[in-house]
Each structure stands twice: as C-alpha cells, then as structure tokens.
Amino acid sequence: MMEPNYEAQLTREAIDTEKARSWLDDPGCGAIHIFCGVVRDLNRSKTVTAIEYHAHEPLALRSLEKVVAGLVDDGATKALAIHRLGMLKVGETSILLGVSLPHRKEGFGLLERGMIEIKSEVAVWKHEHYRDDAPEWIEGS
Amino acid sequence: MMEPNYEAQLTREAIDTEKARSWLDDPGCGAIHIFCGVVRDLNRSKTVTAIEYHAHEPLALRSLEKVVAGLVDDGATKALAIHRLGMLKVGETSILLGVSLPHRKEGFGLLERGMIEIKSEVAVWKHEHYRDDAPEWIEGS
Amino acid sequence: MELDLLLFASLRDIAGAQTLKVDLPEGATVSELLEMIAQNHPEFAPKLPHVRVAIGDEFAQPGDTIPADQEIALIPPVSGG
Amino acid sequence: MELDLLLFASLRDIAGAQTLKVDLPEGATVSELLEMIAQNHPEFAPKLPHVRVAIGDEFAQPGDTIPADQEIALIPPVSGG
C-alpha cells in the first residue's frame with residue numbers, strides 16, 4: 001500500500017520542525033522547504049503576550065487537507081501542514097507548512113501560495129491577549 | 001552585548017532542523033523560513049548512493065558568512081546557514097538555510113536568493129558515489 | 001426545523017454563547033438562513049456580509065439547501081496561520 | 001618564490017595530489033600565476049578558464065599580487081548546497 005503523500009493535522013502539542021522534516025523526507029527529493037508561522041510580540045501596535053487559536057475543527061482540517069493536496073497536485077512530492085490550537089506563547093509555532101520536491105526552484109512559490117490559501121480558507125481564529133488591553137478576536141488576516 | 005543576528009557553520013554532524021528553528025526564533029518575528037538541501041538518489045540519470053562534500057573550509061565559511069550577512073542587510077531579522085561536510089547518505093541534509101522576519105512575505109525571496117549565492121560562491125564540492133559507476137567530482141551546479 | 005448554529009470568534013461574543021438557535025422552514029437555502037438571522041437577530045447584521053456558512057466540513061454556496069442532519073456553522077473571516 | 005597551491009575536486013585527480021608546487025617571481029599577479037600553470041602544467045589547461053584563485057579566505061582578482069605568506073588555492077566551479 002502506498003504511503004499518503006500529503007498530511008494535514010490540527011494539534012494541541014508543540015510543533016517539532018525536525019519531525020516535520022523527517023515526514024517530508026523522500027529519496028527522490030533534493031529539496032525540503034519549511035515555513036513556520038510564529039506568535040510574535042507585537043500586532044497592530046499592541047504588545048501581545050499570548051494567542052489562543054480556536055478552530056471549527058472538521059472544517060479547518062478539511063480545508064487544510066485541500067491546501068496540501070493542491071500542493072502535491074502542482075508538483076510537490078510530499079506536502080505537510082500542521083496547525084496548532086489552544087493557547088500559545090510568543091515564539092511558538094502556530095502553523096507549519098512544508099513541501100519536498102526533487103529540485104528547490106518551485107518550492108518557494110508552492111509554500112507562498114499554500115500560506116495564502118491557509119490564511120484565507122482555514123477556519124481558525126486568533127484570540128489575541130495583550131499586555132495592556134482586553135483580549136480581542138482577530139477576523140481576516 | 002548583542003547576540004549576533006547571523007551565523008554560518010560548517011559541520012560534520014547531522015543538521016538538526018528544530019535546533020536551527022530555535023536559533024532563528026525572535027520575539028519580533030512572525031515568520032521562520034527554512035530550506036534544506038538533501039542528498040537524493042538520482043543525479044544525471046545515475047543512481048546515487050552517497051555524496052561526499054568537500055570544502056576549502058576557510059574560504060567556504062567566509063562566503064557562507066557573506067551570504068547570511070547579506071540576507072540580514074536586506075531585511076531578515078536573523079539568518080543562519082549550515083553546510084554539512086563529509087560523507088552523507090541519501091536523505092541527509094547537506095545545507096540548511098534559514099531566515100526569520102516579522103512578516104513572511106519577503107522570506108521566500110530571501111531564501112531563494114541565498115541559495116543561488118551559496119550554489120555559486122561557497123567553495124564546496126560534491127564527490128558523488130554511484131551504484132553502477134566510479135565516483136565523480138561535480139563542478140558547477 | 002430547529003437548528004443550533006455553531007458560532008465562532010466575535011459572533012460568540014455577540015451572542016454570549018457558542019450557538020444560536022434558529023427555526024427555519026424545511027428546504028430553506030443558505031441565503032435565506034442569512035436573511036432570517038439579519039431580521040430576527042439584528043445584533044449580527046453588521047457581521048453578516050462577511051460571514052460564510054459551513055455545512056458539515058465544507059463551505060456552502062448561497063443556493064445550497066440547509067440540511068436538518070448536519071452541523072451548520074457561521075464562519076467569520078478567518079485569521080489562522 | 002616557491003608555493004604549494006591548494007587543489008580541489010577534479011584538480012586533485014589531475015595532479016594525483018592535494019597540492020601543486022609552483023615557482024613564481026616575487027610580485028607575480030593572479031593572472032600571471034594562471035598563465036604559468038597553463039604553460040608548465042598543460043594537463044590543467046582545459047580547466048583553467050573556469051578556475052578562480054583564492055588568497056587566504058577570499059577570492060582574488062586577476063590583477064592581485066600573489067603574497068608569499070598566505071594560502072593560495074585553485075577553485076574550480078563549486079557544487080555545494
């Protein structure tokens with residue numbers, strides 16, 4: 001039986017970049033591209049202390065699967081997306097998107113497109129917590 | 001004292017993607033981009049069993065430093081390049097290039113440019129080992 | 001038919017709850033659902049132009065019929081990643 | 001002055017060694033070094049149009065003077081990454 005060549009996950013555990021790289025590994029691939037979206041300490045001029053990521057889980061997972069399946073359709077040998085949910089501190093990875101392919105050239109564009117699709121289609125919302133203000137839901141990216 | 005915001009390394013140890021991600025981490029960064037070049041099992045129609053990476057080490061390290069310094073000059077908050085040397089099996093990472101920055105958009109182009117510079121300027125050579133032929137030096141990429 | 005619509009993000013704050021109970025005629029479409037909410041729950045009206053409806057694990061089209069046996073959700077603009 | 005030029009990749013195979021001993025006049029430039037190799041070691045001639053010279057940890061320009069006290073290397077087209 002063939003191993004599936006794409007994978008989408010929602011998780012409440014810390015995302016391990018090395019484990020993602022291992023999953024993407026393939027003997028025919030000379031290139032592995034990984035993008036990590038990370039919680040940063042500043043958004044819209046407010047000091048962010050943490051972000052809670054909340055999802056419509058079945059819908060989000062389905063959309064995430066469509067994104068990685070699309071990347072494989074368009075040339076990735078393997079594609080992996082993992083979105084973290086729950087409360088994240090500054091510096092933690094909220095999304096990891098990765099692709100492997102024989103040569104690196106097309107990988108940059110595939111990851112960029114995948115992230116645009118994730119940002120517009122995956123049913124996840126940030127509830128941002130600030131040092132000096134009440135938490136806010138972010139809608140639209 | 002300020003931490004340096006770029007780093008270049010030559011190593012004979014396996015490259016750990018998660019450790020690289022941690023080094024790139026910065027509270028002001030929402031994006032971490034990592035590219036791994038990996039030994040693949042086919043090159044120029046020959047079955048590759050291993051590649052030995054050989055360097056002019058001082059020259060290679062200096063060029064690698066210039067590449068990552070250039071990425072920081074052009075907008076990366078941090079930039080890291082690690083080139084592995086010695087004998088590598090199929091599937092192992094030979095080069096890791098990573099950048100972190102506040103927003104992801106510019107990161108794809110920075111990594112792509114950095115890899116082009118590494119491929120043309122860093123004094124490292126592949127000695128490819130094949131299943132069915134004598135090993136060959138690769139010159140030019 | 002009675003439905004508990006799933007709410008997300010700011011819609012939960014507006015409702016003060018995770019769901020919104022609505023009563024719809026059988027065969028109502030997605031756009032009829034949204035019109036009904038705008039009329040009966042005007043506190044949601046400013047949000048609705050940007051809200052999509054999901055049926056189960058798929059986004060729905062305006063003309064789709066609302067089924068009685070699947071989860072229906074109101075999806076404000078997403079902000080994941 | 002006598003120099004041991006560092007060789008890499010296919011240049012090592014051609015020389016059957018990791019270095020090439022050359023004797024240069026004081027003040028010789030990088031391009032004079034390459035011309036001298038082409039004349040005295042014709043087995044390298046086909047490679048030289050694509051070879052760069054490094055002085056210490058920097059690539060040199062054709063007009064640079066070869067110093068006596070730094071490592072001089074012949075750099076064929078690289079293939080790392």
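Reminder, nothing fancy here: chain letters follow the sequence lines and each chain counts from 1.
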When the 4.5 angstrom heavy-atom criterion is applied to B/S100 and chain A, the contacting part is neither
Find the one option among B/G107, B/G98, B/G37, B/G28 whose heavy-atom pairs under 4.5 Å with chain A are most numerous.
-> B/G28
Chain A heavy atoms under 4.5 Å from B/K119: which part of the residue, side chain, backbone, both or neither?
-> side chain
Pick one of side chain, backbone, both or neither for B/V39, based on which atoms fall under 4.5 Å of a heavy atom in chain A.
-> backbone
Check step by step if side-chain contact (heavy atoms from CB on, under 4.5 Å) holds for B/F108 and A/L111.
-> CA-CA 8 Å; B/F108 303 102; A/L111 271 201; 3.7 Å; yes
With B/E18, the side-chain contact (heavy atoms from CB on, under 4.5 Å) member among A/E18, A/K19, A/R21 = A/E18
Decide yes or no on side-chain contact (heavy atoms from CB on, under 4.5 Å) for A/D25 and B/E92, but give the supporting numbers first.
-> CA-CA 9 Å; A/D25 200 9; B/E92 293 196 274; over 6 Å; no
Which of the residues B/P27, B/A20, B/S94 is involved in the greatest number of heavy-atom pairs with chain A at under 4.5 angstrom?
-> B/P27
Taken to the nearest 0.5 Å, the spacing of A/E112 CD from B/K105 NZ works out to 5.5 Å
Reported CD1-to-CD1 distance for the pair A/I34 and B/I32, which is rounded to 0.5 angstrom | 11.0 Å
Segment of B/I15 engaging chain A (4.5 angstrom heavy-atom cut-off) | backbone
Between atom CD1 of A/I116 and atom CZ of B/R104, what is the distance when rounded to the nearest 0.5 Å?
-> 6.0 Å
Taking every heavy-atom pair that is under 4.5 Å apart, which of A/T93, A/T17, A/D16 has the most such pairs with chain B?
-> A/T17
In terms of heavy-atom pairs under 4.5 Å with chain A, the winner among B/S22, B/C29, B/A31 is B/C29
